[in-house]
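The structure displayed is predicted, hence computed values, not measured ones.
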Amino acid sequence: SCLPLLSVATVDLRKESIEASGLRMGQYDKEVKEKLGVEVVKMILDAVEPAEISEQKMEDITQGLGPKVHGGHSRRNSCDSAEMRHILSDWFQHDLCDISGDEGVQKLVELFESEDISLKPLAVRLKSYLDKKLEEDKEATQIKVCEKLGPGVIEAIDNAVKNGAVTKDKISAIAKGLGPYVEEKHKKRGQSDNLEMGRILRDWFRKDLFGMDSERALNVLVKILEKDEVGLTDLATKLKGTNTKVFRKEDVVIVDSLK
């Protein structure tokens with residue numbers, strides 16, 4: 001008669017041991033929060049307990065996040081907030097780690113907006129968070145770009161855009177000269193208005209400009225403007241006038257490597 005009692009006690013002890021050891025947490029909980037943002041993760045987990053994210057919707061979400069994420073969910077055969085953390089951890093391991101946090105949140109927004117999943121209220125909450133964050137990031141990055149290049153450079157570029165010297169084709173050529181990351185972002189937006197040059201400079205800052213000193217950054221930008229396919233030699237001359245330092249030959253190589 002002691003066997004059933006022993007079995008129950010053993011199960012309870014194992015359950016306590018599992019919970020104490022943190023196995024109910026996702027393997028990459030910390031990294032997921034750092035990537036997506038604590039607020040985003042909380043919004044998603046909070047949507048599980050009141051069953052906004054039902055068992056079927058959780059199944060559909062894992063399918064949308066890829067076969068490896070779906071496979072892990074199927075093996076665990078669970079549907080609670082702990083499982084959602086495992087799902088996000090699996091996604092981080094197989095995909096999310098290779099993209100930016102903003103791109104990750106945008107992917108979730110698109111997934112939740114899809115007809116198959118239809119979690120539109122949650123998508124709206126995430127999109128509101130993302131829009132606010134991007135606006136804050138834009139302002140902060142714009143200040144850093146201005147600090148890096150100098151207000152004289154920014155003013156000269158802005159005037160060239162406003163007076164029509166920087167045409168749509170030239171904007172695309174500049175984006176291409178600043179590297180694949182910047183060019184891809186520019187193409188994805190598909191815009192060439194007066195604000196696009198600012199977006200391009202911010203993208204450049206996020207990818208490469210942040211790691212350059214001001215002199216080198218100006219050298220790179222001038223050499224791109226002087227290229228035949230860009231043909232903005234007048235603007236390049238104006239930018240040179242904002243810096244009294246001698247241009248360094250090694251930076252020509254840097255520009256060529258950005259083709």
Side-chain angles (χ1 to χ4, degrees), residues 31-32 34-37 40 92 94-110 129-158 160-161 166-227 229-230 232 235-236 239 242-243 247-259:
E31 290 82 356
V32 169
E34 289 175 350
K35 178 73 74 167
L36 297 177
V40 168
F92 178 86
H94 298 297
D95 184 25
L96 180 59
C97 61
D98 293 325
I99 61 178
S100 71
D102 293 343
E103 290 171 327
V105 177
Q106 182 60 39
K107 180 178 177 66
L108 290 174
V109 168
E110 293 171 358
Y129 166 88
L130 182 59
D131 289 344
K132 180 181 177 182
K133 181 177 181 296
L134 289 176
E135 186 62 30
E136 292 172 349
D137 288 350
K138 183 183 78 172
E139 293 177 3
T141 305
Q142 185 63 45
I143 292 172
K144 291 176 182 176
V145 169
C146 189
E147 290 174 344
K148 183 72 71 171
L149 296 176
V153 171
I154 301 300
E155 183 180 1
I157 294 173
D158 188 49
V161 172
V166 184
T167 63
K168 178 180 179 180
D169 290 342
K170 292 183 186 298
I171 287 177
S172 297
I174 292 170
K176 182 178 180 180
L178 291 173
Y181 174 84
V182 179
E183 183 183 20
E184 182 182 349
K185 291 287 187 180
H186 169 62
K187 285 183 176 180
K188 191 172 183 179
R189 286 190 295 266
Q191 298 179 9
S192 56
D193 55 25
N194 291 345
L195 301 176
E196 180 59 14
M197 197 62 225
R199 300 184 191 104
I200 287 171
L201 291 176
R202 290 194 294 273
D203 289 338
W204 182 34
F205 180 86
R206 297 183 184 104
K207 186 65 175 70
D208 294 308
L209 179 58
F210 73 92
M212 300 180 184
D213 61 46
S214 296
E215 182 186 359
R216 178 182 172 187
L218 184 58
N219 292 345
V220 170
L221 188 55
V222 165
K223 291 300 179 182
I224 289 173
L225 297 176
E226 289 177 335
K227 284 178 173 290
E229 56 268 36
V230 180
L232 288 170
L235 177 57
L239 297 195
T242 65
N243 188 2
F247 276 62
R248 302 176 300 186
K249 291 182 179 179
E250 57 264 32
D251 289 319
V252 178
V253 179
I254 294 170
V255 176
D256 290 340
S257 71
L258 292 176
K259 288 181 180 178

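- Applying the 6.0 Å contact sphere to CD of Glu34 captures more than 12 heavy atoms from other residues, nucleotides or ligands.
- Two residues are said to be in side-chain contact when any heavy atoms from C-beta on lie closer than 4.5 Å; Asp203 and Leu178 fail this criterion.
- Listed for the Lys148 side chain is a donor-acceptor partner under 3.5 Å among the backbone atoms of Met212.
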key: Derivation of the salt bridge (Lys or Arg N to Asp or Glu O under 4.0 Å) call for Lys107 and Glu110   = CA-CA 5 Å; Lys107 180 178 177 66; Glu110 293 171 358; over 6 Å; no
message = Could you walk me through whether Leu201 and Ile154 satisfy the side-chain contact (heavy atoms from CB on, under 4.5 Å) test, starting with their C-alpha distance in whole Å, then the side-chain angles of each, then the deciding distance to 0.1 Å, before giving a yes or no?
response = CA-CA 10 Å; Leu201 291 176; Ile154 301 300; 4.2 Å; yes
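- Counting heavy atoms from C-beta outward, Asp102 and Leu134 have side chains that approach closer than 4.5 Å.
- Between the CD1 atom of Ile224 and the CG atom of Leu239 there is a distance of 11.5 Å, given to the nearest 0.5 Å.
- Across all their heavy atoms, Val230 and Lys170 have their closest contact at O-NZ, 2.8 Å.
- For Ala236 against Glu226, the heavy-atom pair with the smallest separation is CB-CG, 3.6 Å.
- Gly104 approaches Leu96 most closely through the heavy-atom pair CA-CD1, 3.9 Å.
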task = Mind running side-chain contact (heavy atoms from CB on, under 4.5 Å) on Ile143 and Glu147 for me, showing each step along the way?
result = CA-CA 6 Å; Ile143 292 172; Glu147 290 174 344; 3.6 Å; yes
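- Nearest heavy-atom pair, Ile200 versus Ala175, reported as atom, atom and distance to 0.1 Å: CD1-CB, 4.0 Å.
- Using a cutoff of 4.0 Å between basic side-chain nitrogens and carboxylate oxygens, Lys133 and Asp137 are scored as salt-bridged.
- A pairwise comparison of heavy atoms in Phe205 and Phe210 identifies O-CD2, 3.0 Å as the closest pair.
- No option in Lys187, His186, Glu229, Glu183 other than His186 meets the side chain to side chain donor-acceptor pair (under 3.5 Å) test with Ser172.
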Intermediate values then yes/no, side-chain contact (heavy atoms from CB on, under 4.5 Å), Ile174 and Leu232 = CA-CA 10 Å; Ile174 292 170; Leu232 288 170; 3.9 Å; yes
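- Without hydrogens or angle criteria, Lys144 side chain to Arg206 main chain gives no donor-acceptor distance under 3.5 Å.
- Here the shortest heavy-atom pairing between Leu149 and Leu218 reads CD2-N, 4.5 Å.
- Dense packing is recorded around CD of Glu103, with more than 12 heavy atoms of other residues, nucleotides or ligands lying under 6.0 Å away.
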request  = For side-chain contact (heavy atoms from CB on, under 4.5 Å), just list the numbers for Arg199 and Gln191, CA-CA rounded to whole Å, side-chain angles, deciding distance to a tenth of an Å, and then say yes or no.
outcome  = CA-CA 10 Å; Arg199 300 184 191 104; Gln191 298 179 9; 2.9 Å; yes
